[in-house]
Amino acid sequence: MHDVLLGLAENPALPAKVFARLVANGDEDVLFTLARRDELTRPQVRDLVAVGNPSLTGFMVRVGLVPWPEIPTEQPGRLLDAVLGGVAPAAVWRAVATDPNPETRQEVAYADDAPADVITSLAGDLDLPVVAAVAANPNLPPELLPRLARHPSTVVRQAVAENENASPSLLAALLADGGAPAPTRCGACHRREAACADHAPGVRRVRLAAAGHPAVPSAGLAAFLDAPENTVTTFAARTDLPVDFLHRLATHPCDDVRAVIAANPAVPETLLRTLAADHVPEVRRSIVENPSVPLDLLTALVAHERMPGGPVPRVESATEPELRTLASSRVAQARALVADRTQLPRVLAEQLATDPDIAVAQRIAARSELAPERLAEIVERHGPPVFAAVARHPRCPSALLQGMAAHPAATRRVLQEIASHPAAWPETLLLCLASEDLDTRRRVAVHPALALPVLESLIDGPDGLLAQDAAANPALPERVMERLVTRALRE
């Protein structure tokens, strides 16, 4: 019955009376599940705190559910939990900021809503990780960043270089030589008693952090072409790079760097056409994702490359005349791109619904702009390959769902989509429940249209996951919930 109780605790339609009985049951897993529910009432929060489970109360305090006056005074770690939960008064912040445990002070130093005076005091902490946490805090008072950028340790300077609010001038100085004055400590120094003879590795990390910051001036980035791949790919996505630098990045030996350049909207058309001949498919496919790619190049690429998984930026920004041109293209993949567009004119949706290409049909069938009456025509024209897409249409007729579920060629994916559709009939759900696929069966178990006798059979069945899902079904009557809790308490 443990799975059933967990399902009840997850049930979005759980009545207050049953909630209270689940709290009284005292099972820790159930209690935590109840605590994670959306929109708990104040009495429900108090009931959970009253259980007296320190772990449960600590969790609820950390997520901000318990006001400061209602946190039990004997609760372990109550001060830090209240700080992290955003419910602590200023005096508590100041108390925690002077905790003898440096790990506690470090958590305070990086907390989002730490008061400015607390952050300022921790900037002078004797423990280096605490100061580094202060330097990385995006809510750091702006006047502290220049001060921390002059910190003797490269560890703190690196944190400054990674702070999202670091200014371009500050980043330029860190990018050039790690900042001034020259650092006297680095990460390696702090792991030994004597200082390093050379802090070059630490300075290099500071410079790399600055190079990867979106606000650093682009002028000094050319010296970092040999930087680690993640740093180069970060600045390769910038749209303010000089054209000659873009050309250099387009010949970078790393495939991922060239792929980022191929997707960069600032890349000139001539360079995009050069990259279209790159020997790596990922680079060529990245051009398809470029918001500035010319439509003729886009069409040529999708004719021979794997189709993207969703809407592409250039088609998203296309004008209606451009959309009509693409929708009438001889290249089926170009028509499929139109079918994937987030906002699609109804006239184009109706046009693409008659497309003979299966890839276009699979993309257009789920579109809400398409009249439901068209779905049967698409199914008749293309058969089982479009079943899953048709079942995703928000207004797919119930009878059509039934017919597809009963079809001998209905795949696991098709049955999953049908089992999730709000218009599925109870008898359609039974067809899906007969599937050997557990995910399909679990989707059936939480469907509100599932007949009550079937729900109860799943709850009483041997499969714990299905029992839990069935107990979480919002259509489960309150009387059945009450009976299940009573049975659980007896067992």
Side-chain angles (χ1 to χ4, degrees), residues 1-13 29 33 36 306-310 336 339-340 358-359 361-368 370 372 375-376 378-476 480-481 484:
M1 290 298 292
H2 182 257
D3 296 314
V4 174
L5 292 178
L6 286 176
L8 289 174
E10 295 168 348
N11 196 309
D29 292 336
T33 303
R36 293 187 180 97
R306 188 177 70 226
M307 288 287 292
D340 267 339
I358 188 73
Q362 288 172 328
R363 285 166 169 77
I364 200 64
R367 300 301 302 254
S368 60
L370 191 65
L375 297 176
I378 293 176
V379 166
E380 184 176 353
R381 184 180 302 114
H382 297 284
V386 299
F387 281 5
V390 170
R392 285 196 299 275
H393 191 287
R395 292 174 291 148
C396 183
S398 302
L400 188 54
L401 292 170
Q402 169 77 7
M404 293 188 295
H407 197 286
T411 63
R412 172 180 58 85
R413 181 183 170 203
V414 170
L415 293 176
Q416 288 174 359
E417 297 292 350
I418 294 173
S420 302
H421 201 289
W425 287 331
E427 53 267 38
T428 304
L429 295 173
L430 288 178
L431 292 173
C432 296
L433 191 60
S435 169
E436 296 180 358
D437 176 62
L438 178 59
D439 187 46
T440 302
R441 293 165 60 82
R442 294 189 68 184
R443 295 185 188 209
V444 173
V446 296
H447 199 293
L450 190 63
L452 180 57
V454 181
L455 260 180
E456 292 185 293
S457 69
L458 293 176
I459 289 172
D460 293 332
D463 191 307
L465 285 175
L466 286 178
Q468 182 173 337
D469 291 332
N473 192 310
L476 197 66
V480 177
M481 294 186 191
L484 291 172

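Considering all non-hydrogen atoms of both residues, Ile459 and Ala470 come closest at CG1-CB, 3.6 Å. Val414 approaches Ala388 most closely through the heavy-atom pair CG2-N, 3.7 Å. When all heavy atoms of Cys432 and Thr440 are compared, the closest pair comes out as O-CG2, 3.5 Å. The shortest non-hydrogen separation linking His447 to Ala419 is CD2-O, 3.1 Å. Across Leu455 and Ala445, no two heavy atoms sit closer than the pair CD2-O, 3.5 Å. Here the closest non-hydrogen pair linking Asn11 and Pro474 is OD1-CA, 3.4 Å.
Ala359 meets the side chain to side chain contact (heavy atoms under 4.5 Å, CB included) test with Asp357, Arg363; sequence neighbours excluded.
The structure places CG of Leu429 at 8.5 Å from CG of Leu433, a figure rounded to the nearest 0.5 Å. Note that CD of Glu456 is 7.0 Å distant from CG of Asp460, once rounded to the nearest 0.5 Å. A distance of 8.5 Å separates CG in Asn473 from CE in Met481, rounded to the nearest 0.5 Å. Ile418 contributes atom CD1, which lies 11.5 Å from atom CZ of Arg443 (distance to the nearest 0.5 angstrom). With rounding to the nearest 0.5 Å, the separation of CG in Leu465 from CZ in Arg442 is 4.5 Å. One finds the CG atom of Leu6 at 5.0 Å from the OG1 atom of Thr33 (value rounded to the nearest 0.5 Å).
For the pair Leu452 and Leu476, the minimum side-chain heavy-atom distance is below 4.5 Å. The shortest distance between side-chain heavy atoms of Leu438 and Asp463 falls below 4.5 Å. Between Leu375 and Val379, the closest side-chain pair of non-hydrogen atoms is not below 4.5 Å. Two residues are said to be in side-chain contact when any heavy atoms from C-beta on lie closer than 4.5 Å; Asp340 and Ile364 fail this criterion. Two residues are said to be in side-chain contact when any heavy atoms from C-beta on lie closer than 4.5 Å; Val4 and Gln468 fail this criterion. Put simply, the side chain of Val444 reaches to within 4.5 Å of the side chain of Leu450, judged on heavy atoms.
A salt bridge does not link Arg441 to Asp437: none of the charged side-chain nitrogens sits closer than 4.0 Å to a carboxylate oxygen.
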Give every donor-acceptor pair under 3.5 Å between a side-chain atom in residues 391-402 and any protein atom, sequence neighbours left out.
from, atom 1, to, atom 2, distance (Å)
His393, ND1, Arg395, N, 3.0
His393, NE2, Arg367, O, 2.9
His393, NE2, Leu370, O, 2.9
Arg395, NH2, Ser368, O, 2.7
Arg395, NH2, Leu370, O, 3.4
Ser398, OG, Ala423, O, 2.6
Gln402, OE1, Thr428, N, 3.3
Gln402, OE1, Thr428, OG1, 2.4

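One N or O on the side chain of Gln362 and one on the backbone of Pro385 form a donor-acceptor pair closer than 3.5 Å.
Counting non-hydrogen atoms of other residues, nucleotides and ligands closer than 6.0 Å to CZ of Arg36 gives a total above 12.
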